[in-house]
Amino acid sequence: MGIIRAFGKGLRDTAQHWWLAVPLYLSNLIVALIMTVPVYLFLWQLIGHRPWAQQLARGPDLNLVADLIGLGAAARLEQGAGKGPGGLLLYVVLAGGVFLLNGLAYAFFAGGVLETLRRTGEPPAKSPFWPGCRRWFFPFLRLWIISLFCLSLMVLVIGLVAAVTSSLLVKISVLLALPLGLLGHGVVFEYARISAVYLERRSMLRATGRAYYFFFRHFFETTTLGAILLLVAILVLALYLVLGRFATGLALLTIIGQQLYVLVGAGQKVLRLASQLELYSMRTRR
Amino acid sequence: MKVPEKVPDKVVTTHLGARTAKPFRASMVACACLASLLTLAGFMSQAAPAQASQAKAIASYQIEAAYDAQAKIIAGKETITYLNDSPEALAELYLHLYLNAFRDENTTWMRESRGVSRGFKSDPQRRGWTDVTAISIVNGPDLLATSQVDETILRVSLPTPRAAGKTIQLAVEWKAQLPRFFARTGLAGDFVLAGQWYPKMAVYDRGHWNKHQFHANSEFFADFGTYDVTITLPAELVVGATGLPQKETLNGDGTKTVSYRAQHVSDFAWTASPRYRSATRQVADTEVLLLYQPESEPLVQRYLTAAENALVYFGQWFGPYPHARLTVVDTPADAGGAGGVEYPTLITAGMGTLGLPTFMTDGGEVHFLEMVTIHEAAHQWWPMLVATNEMEEPWMDEGFADYATTRLLDKLYGKETSVANSPRLKFGYLYLHRGQYAMVPASTVIYGRAWELKNYEVAAYSKPALVLTTLESYLGQERMLKALQAYVQRWRWHHPRTEDFIAVVNEVSGEDMKWFFDALVYGTGIVDYSLVRAQTQRQKDGSYASKVVIERKGDVIIPVEILAGFRDSSTKREKWDGVGKTVKYTYSTPSPLVSAMADPQGKLAIELNVLDNGRTVNVQYGPLADLSSRWLFWMQSILQLIGFYG
């Protein structure tokens with residue numbers, strides 16, 4: 001069966017090229033650190049010298065939440081009515097910038113990962129990773145813009161249908177369709193990247209068209225493979241949560257566990273690309 | 001069918017000042033002795049005001065009513081005996097027809113509330129109303145033609161003014177429809193909670209009639225009296241009511257007639273349901289009668305214990321509960337908003353009031369049931385005994401009840417776990433108040449009419465509870481309880497106002513507390529302190545020079561304690577009067593300062609921001625690293641999720 005073969009090949013390729021997860025992990029870590037540093041500085045100012053820092057670190061506590069509301073009220077009073085929390089606004093702007101950076105990083109590394117996976121089994125030569133990154137960066141950047149446009153269109157259409165319809169059943173159905181639509185959108189644009197690299201075509205509009213065609217032409221296989229990969233992600237999460245219970249109270253172990261989980265997450269991305277590439281190559285003539 | 005047993009009303013005589021001997025319970029003797037002692041000790045530096053001398057029956061009712069369960073209509077006749085206790089002659093009388101608030105969407109109540117109470121909507125198919133069909137002076141002229149109904153107020157013009165000190169008897173006939181359960185009264189299936197179901201005299205107090213329309217946020221205000229009530233209703237209904245049952249007769253036509261008598265009360269409510277089961281517990285001279293739904297069987301002991309705790313502790317703290325019975329009603333789940341209602345000697349509880357899923361209440365770790373029961377039981381003192389004007393000064397009943405509830409819950413379950421204490425959820429009632437208080441603008445004032453208050457729930461409940469808790473911390477537990485006991489002694493069965501309470505506090509405390517009440521009850525004062533600096537430095541001689549700086553950020557000047565802790569576990573305590581903007585304490589000690597804390601015991605419950613009260617000398621890198629690494633992980637996970645498929 002094609003799906004099992006694709007998934008099996010994906011597993012083997014991922015095991016062979018496990019190091020492909022590292023740049024994905026590192027770019028994720030750097031981007032997340034950019035988001036964390038301001039929070040660290042904020043926390044340092046807020047709780048660095050406060051005895052309740054321990055209480056906050058211990059986890060959810062409704063009493064502390066109630067007192068935090070008081071802290072917010074006092075801050076509002078001090079700032080004066082009408083003035084918004086400027087720091088929060090800055091952080092939102094930063095989050096937007098980080099989202100962009102994350103997209104750029106993926107646009108850069110996805111080409112290298114796919115080129116490396118495509119050349120699996122070929123005679124060893126110079127590693128295709130970095131050339132792949134450079135070669136596909138700008139096309140994938142264009143693809144990302146197309147992807148965002150399609151995503152906005154989809155959300156707009158779903159939102160409009162939900163707003164226009166008076167039937168509660170239709171509203172609920174449409175809103176339930178949104179997460180499925182988001183998943184489907186993600187899968188389609190992975191196939192667009194795969195298609196571009198596999199066929200070595202640099203027109204991203206056409207790659208998008210081909211990806212949509214492929215997705216719906218092989219709907220059962222693409223969605224089943226997607227579901228299997230989703231299941232893997234859920235299993236990894238479950239394993240992380242179970243193991244995490246043993247690390248309670250061990251700060252360093254917890255941090256190591258968290259980073260391992262993120263690294264495995266990056267590995268799953270490689271697995272997804274490898275499996276989908278295999279399925280695409282099985283069903284498409286070059 | 002279970003019929004609650006009759007509890008005999010004990011009759012003793014009290015000896016308070018120049019009081020006329022009144023029929024009352026034996027347990028009041030202790031209260032009387034305490035009051036006498038307080039007087040002797042000089043706590044009451046001046047004679048009690050005349051209005052505190054005794055409980056007068058101002059408005060008494062003899063009611064005969066029939067409840068038609070098919071039509072869901074109550075038809076009744078009542079004789080109201082009204083004493084003009086004012087120094088003026090009264091040319092007109094006013095009666096409340098509260099159920100008219102639910103007659104249609106255009107009433108004051110419905111416009112203000114937009115038809116919603118406690119999250120439940122009024123049922124347009126099942127409105128409430130009261131129609132007075134006859135009104136006359138007993139053995140005198142008919143008054144119906146000259147009476148005027150204005151929504152929930154009936155104005156009755158008397159042919160001749162009634163002189164001061166004279167009584168008048170009115171004969172009233174009416175029909176009432178209870179709404180689908182809504183705003184403290186109504187029906188839900190065969191469950192009935194009849195509150196405000198009869199035409200009720202308004203209060204003439206301090207020179208004016210309290211003839212306010214029934215407003216959305218308002219509750220009630222009534223004079224004390226004796227109620228003799230007879231109700232005919234389907235025989236299968238189990239009944240609970242204000243006061244004590246006197247008689248029950250089966251009529252042979254599928255109905256029965258029950259009669260109740262209640263003295264020293266300001267209202268009469270009754271409830272009925274064929275599903276009620278009953279349980280009782282004797283608490284000193286009072287019987288707690290619990291009427292509960294069959295599915296609430298596992299909660300019976302919790303209800304009874306909560307009621308017992310309320311009677312015992314509130315009795316000790318404020319003065320004994322003056323009635324022979326307290327009926328606690330566990331309301332059905334489909335009677336939206338029926339739980340958490342107070343009437344004299346009858347309260348409703350029930351888990352439905354807060355919309356909590358049952359799993360949260362299992363195991364007895366979540367004390368919402370106790371919280372609601374204790375809060376409603378506290379209302380038996382405020383305002384059922386000390387009958388403040390719930391319309392014009394809601395903080396004096398809801399705020400006092402919530403203060404009492406907070407106090408008792410803290411005592412029973414601990415300050416930080418008084419509402420919930422489970423591995424997943426720890427929550428204190430005081431914290432709930434503090435969170436609510438902080439969520440509304442600082443300009444929220446406690447003092448005011450119910451319908452004019454902004455952020456009613458905070459203004460009437462949370463903020464007053466915090467203010468009174470803070471007052472207790474300031475005065476000390478002993479002085480606070482003495483003040484409250486004196487207040488109850490002086491004003492029970494009467495209608496005190498805010499200034500009367502303040503006068504008692506001033507008198508008992510021996511201090512002029514105007515500054516406190518001006519800032520926190522009449523005004524919008526903020527209590528807030530911040531520990532801005534805690535430093536320590538090693539000296540050449542090996543000792544440590546330490547410095548602690550506290551800043552008063554709020555505009556209310558109230559004393560605050562400061563605790564400085566040193567590495568060798570020694571401590572230094574200070575008390576700052578709060579005068580000035582900042583204060584600095586310096587220490588020369590053999591051990592370095594570790595941390596310092598303003599208000600270490602959390603006595604200033606009303607303080608807006610308590611999280612800046614403490615400061616450590618060293619940065620706490622552990623929690624910082626822990627929280628930052630968690631944030632980092634969440635960011636990484638979110639970024640991976642965003643890029644999960646694209």
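The analysis underlying the following values was restricted to heavy atoms, covering all of them including side chains, and did not include hydrogens, waters or symmetry mates. Just so it is clear: chains get the letters A, B, ... in the order the sequence lines come, proteins before strands, and each one is counted from 1.
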Asker: Between Val619(B) and chain A, which part of the residue has a heavy atom less than 4.5 Å away: side chain, backbone, both or neither?
Answerer: both
Asker: Main chain of Leu604(B), side chain of Asp599(B): is a donor-acceptor contact present, judged purely on distance under 3.5 Å?
Answerer: yes
Asker: Side chain from CB out, backbone as N, CA, C, O: work out which of these in Leu33(A) comes under 4.5 Å of a heavy atom of chain B, or both, or neither.
Answerer: both
Asker: Quick check on the interface: out of Tyr40(A), Trp52(A), Phe99(A), Trp144(A), who has the most heavy-atom pairs with chain B under 4.5 Å?
Answerer: Trp52(A)
Asker: Tell me, for Gln55(A) versus chain B, whether the close heavy atoms (under 4.5 Å) come from the side chain, the backbone, both or neither.
Answerer: neither
Asker: Between Val262(A) and chain B, with a heavy-atom cut-off of 4.5 Å, which part of the residue counts as in contact: side chain, backbone, both or neither?
Answerer: both
Asker: Do Gln276(A) and Val187(A) have side-chain heavy atoms sitting under 4.5 Å apart?
Answerer: yes
Asker: Looking at Val39(A), Leu151(A), Leu43(A), Leu56(A), which has the largest count of heavy-atom pairs under 4.5 Å with chain B?
Answerer: Val39(A)
Asker: Under a 4.5 Å heavy-atom cut-off, does chain B meet the side chain of Leu273(A), its backbone, both or neither?
Answerer: neither
Asker: Answer yes when Asp61(A) and Lys426(B) have at least one side-chain N-carboxylate O distance shorter than 4.0 Å, and no when they do not.
Answerer: no
Asker: Charged N to carboxylate O below 4.0 Å: is that the case for Glu190(A) and Lys269(A)?
Answerer: yes
Asker: Does any backbone or side-chain atom of Asn618(B) lie under 4.5 Å from a heavy atom of chain A? Answer side chain, backbone, both or neither.
Answerer: backbone
Asker: Does any heavy atom of chain B fall under 4.5 Å from the side chain of Asn102(A), the backbone, both, or neither of them?
Answerer: side chain
Asker: Looking at Glu607(B), Arg434(B), His433(B), Gln436(B), which one has more heavy-atom pairs under 4.5 Å with chain A than the rest?
Answerer: Arg434(B)
Asker: Between Lys581(B) and Glu551(B), is there a side-chain N and carboxylate O pair less than 4.0 Å apart?
Answerer: no
Asker: Below 4.5 Å, heavy-atom pairs only: which of Gly622(B), Pro623(B), Ala442(B) has the largest tally toward chain A?
Answerer: Pro623(B)
Asker: Is chain A contacted by the side chain of Ser629(B), its backbone, both, or neither, given a heavy-atom distance below 4.5 Å?
Answerer: both
Asker: Given the options Ser595(B), Ala420(B), Ala438(B), Gly428(B), which has more heavy-atom pairs under 4.5 Å with chain A than any of the others?
Answerer: Ala438(B)
Asker: Non-hydrogen atoms of chain B under 4.5 Å away: do they reach the side chain of Ala266(A), the backbone, both or neither?
Answerer: both
Asker: Contact part of Val419(B) toward chain A, heavy-atom cut-off under 4.5 Å: side chain, backbone, both or neither?
Answerer: neither
Asker: Just so I understand: if I count every heavy-atom pair under 4.5 Å between each of Ala625(B), Ala534(B), Ser628(B), Gly554(B) and chain A, which residue has the most?
Answerer: Ser628(B)
Asker: Identify which of Asp528(B), Asp626(B), Asp612(B) forms the greatest number of heavy-atom pairs closer than 4.5 Å to chain A.
Answerer: Asp612(B)
Asker: With a 4.5 angstrom heavy-atom cut-off, which part of Tyr437(B) approaches chain A: side chain, backbone, both or neither?
Answerer: neither
Asker: Checking Leu46(A) against chain B: side chain, backbone, both or neither under 4.5 Å from a heavy atom?
Answerer: neither
Asker: Go through the atoms of Leu24(A) and report whether side chain, backbone, both or neither lie under 4.5 Å from a heavy atom of chain B.
Answerer: neither
Asker: Rounded to the nearest 0.5 Å, how far does CZ of Phe215(A) lie from OG of Ser195(A)?
Answerer: 15.0 Å
Asker: Let me know if Leu430(B) has heavy atoms under 4.5 Å from chain A in its side chain, its backbone, both or neither.
Answerer: neither
Asker: With respect to Lys463(B), which candidate in Leu468(B), Val445(B), Asn455(B), Ile446(B) satisfies the side chain to side chain contact (heavy atoms under 4.5 Å, CB included) definition?
Answerer: Ile446(B)
Asker: Judged by atom type as modelled, is there a donor-acceptor pair below 3.5 Å linking the side chain of Tyr91(A) to the main-chain atoms of Met35(A)?
Answerer: yes
Asker: Who among Leu29(A), Val31(A), Ile47(A) has the most heavy-atom pairs with chain B under 4.5 Å?
Answerer: Leu29(A)
Asker: May I ask you to decide if Leu593(B)'s main-chain N or O and Thr536(B)'s side chain share a donor-acceptor pair within less than 3.5 Å?
Answerer: yes
Asker: With no hydrogens and no angle check, just 3.5 Å: does a side-chain donor-acceptor pair link Asn609(B) and Tyr529(B)?
Answerer: no
Asker: Would Phe427(B) and Tyr431(B) count as a close aromatic pair, with their ring centres under 6.0 Å?
Answerer: no
Asker: Please work out whether the ring planes of Trp44(A) and His49(A) are parallel, tilted or perpendicular, with thresholds of 30° and 60°.
Answerer: perpendicular
Asker: Rounded to the nearest 0.5 Å, what separation is found between the CD1 atom of Ile606(B) and the OG atom of Ser462(B)?
Answerer: 9.5 Å
Asker: Would a line drawn from the ring center of Tyr240(A) to the ring center of Phe633(B) be shorter than 6.0 Å?
Answerer: yes
Asker: Looking at Thr616(B), Val610(B), Leu608(B), Leu611(B), which one has more heavy-atom pairs under 4.5 Å with chain A than the rest?
Answerer: Leu611(B)
